[in-house]
Amino acid sequence: MSGAPHTPVLLTEVLDALQPAPGQTIVDGTFGAGGYARGILATGAKVVAFDRDPTARRFAEGLDPDRFRFVGARFSEMAEVLGEASVDGVALDLGVSSMQLDEAERGFSFMRDGPLDMRMGDAGQTAADLVNTADPAELARIFFVYGEERQSRRIAAAIARRRAEQPFTRTLELAEFIEKALGGRRGAKVHPATRAFQGLRIAVNEELSELEAGLVAAERALKPQGRLCVVTFHSLEDRIVKTFLAVRAGRTPSGSRHAPPREIQAEPSFQLLFNGAQAPSEAEVAANPRARSAKLRAAVRTSAPVWREAA
């Protein structure tokens, strides 16, 4: 398959920020169905695409082998694979791809029945493993911290009682159980299992630690004047990116005059391309509702050493 059953979010804004050009090498750290990669290739630049999902490779068929390379690995491995100061741009789209949501057998969606899996790769524990074996306190933490679910303890306790009699194996089974445990929809616009499913997906795939490691890897892989663009889809991801770029750009609070003196920080390794985050236009959200929560943050790599070396 070479078509792209997925609409890339904020593509125009990402290309404006990356400014790819012929002769440059750009990393698409979250290849998915290849939306960003195709947009970058159209500018004449080369693309090295990373994706831990082995099924994503099929979307690379038909791309120019002289200017495109697929790497079946996590984006946090980009510096080891490509070397330090080796690329001109890095783009990361942290959303779950449409193909993963639409394929029930991947187990990401509470709208389509499938095995309770949720793995972006082909290794590690599944969501069913986690739901059926994790300590109730750990389940509650996952729902609260990663899913921002205020009734996390109530859901975890109900799951623990039910799994003692019958383990969970299917997505709709869990979604309907959570809905019932919370007393039904009660007019809510979103499904009651939305936040719990988000928490499970983040935990299964270690998404937040992967993002933190990926940002450091991008700092290492980018050449001076190279550009980093990150599109996030929920507050947990955006907070990590916002904090990383603010700190690396030297935009940390000055602190209180009553507090102990701060340690001298390393020289800024990034310069912000713009203040705050860019959001999709109303027209893009109307055409692609999955874009509604997207935020783009971008920065330019300076010539300063990576912070682990400067510390």
Criterion side-chain contact (heavy atoms from CB on, under 4.5 Å) on K46 and I26, from CA distance to verdict: CA-CA 6 Å; K46 299 177 181 177; I26 309 295; over 6 Å; no
How many angstroms lie between atom [atom1] of [X] and atom [atom2] of [Y], to the nearest 0.5 angstrom?
X	Y	atom1	atom2	answer
R239	H234	CZ	NE2	10.0 Å
N205	E207	CG	CD	5.0 Å
L92	T232	CG	OG1	11.0 Å
L116	L200	CG	CG	7.0 Å
D51	T55	CG	OG1	7.5 Å
R248	S269	CZ	OG	5.5 Å

Any non-hydrogen side-chain atom of [X] less than 4.5 Å from a side-chain atom of [Y]?
X	Y	answer
Q198	Y146	no
F274	Q278	yes
L139	R153	no
L41	D64	no
L174	F197	yes
V216	F244	yes
R38	D28	no

Is [Y] reachable from [X] through a run of I, L, V, M, F, W or Y residues, each pair having side-chain heavy atoms under 4.5 Å apart?
X	Y	answer
L130	L172	no
V285	L296	no
L94	V145	yes
V81	V90	yes

Looking only at heavy atoms, what is the nearest atom pair of [X] and [Y], with distance?
X	Y	value
V204	M118	CG1-O, 4.0 Å
L245	A298	CD1-N, 4.4 Å
A299	F270	CB-CD2, 3.8 Å
H191	A175	CE1-O, 3.6 Å
V9	A291	CG1-CB, 3.8 Å
P115	T171	O-CG2, 3.7 Å

Side-chain donor/acceptor pairs under 3.5 Å, residues 222-230, sequence neighbours excluded:
residue	atom	partner	partner atom	Å
K223	NZ	D88	OD1	3.4
R227	NH1	A17	O	2.9

Ring centre gap for F70 and F31 strictly below 6.0 Å: yes
NZ or CZ of R163 within 45° of F168 ring axis and under 6.0 Å: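 No - R163 does not lie over the ring of F168 by the 6.0 Å and 45° rule.
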Check: [X]/[Y] side-chain N/O donor and acceptor closer than 3.5 Å:
X	Y	value
D238	S235	no
T302	Q271	no
N132	R162	no

Pair R201-M120, side-chain contact (heavy atoms from CB on, under 4.5 Å): steps then yes or no: CA-CA 9 Å; R201 193 202 73 227; M120 292 181 175; 4.2 Å; yes
Residues in salt bridge (Lys or Arg N to Asp or Glu O under 4.0 Å) contact with E138, at least two apart in sequence or another chain: R141
CA sep, side-chain torsions, deciding dist, call: V48, V87, side-chain contact (heavy atoms from CB on, under 4.5 Å): CA-CA 9 Å; V48 181; V87 302; 5.9 Å; no
side-chain contact (heavy atoms from CB on, under 4.5 Å) between L15 and Y36, intermediate numbers included: CA-CA 8 Å; L15 293 178; Y36 283 179; over 6 Å; no
Pairing residues for D113 by the side chain to side chain donor-acceptor pair (under 3.5 Å) criterion, not counting sequence neighbours: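 D113 satisfies side chain to side chain donor-acceptor pair (under 3.5 Å) with R170 once adjacent residues are dropped.
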Check ion pair E80-R220 (N to O, under 4.0 angstrom):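 Yes, E80 and R220 are salt-bridged.
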Sidechain N-carboxylate O distance under 4.0 Å for E210, R74: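 A salt bridge is present here (some side-chain N lies under 4.0 Å from a carboxylate O).
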More than 12 heavy atoms from other groups under 6.0 Å of CZ on F68: yes
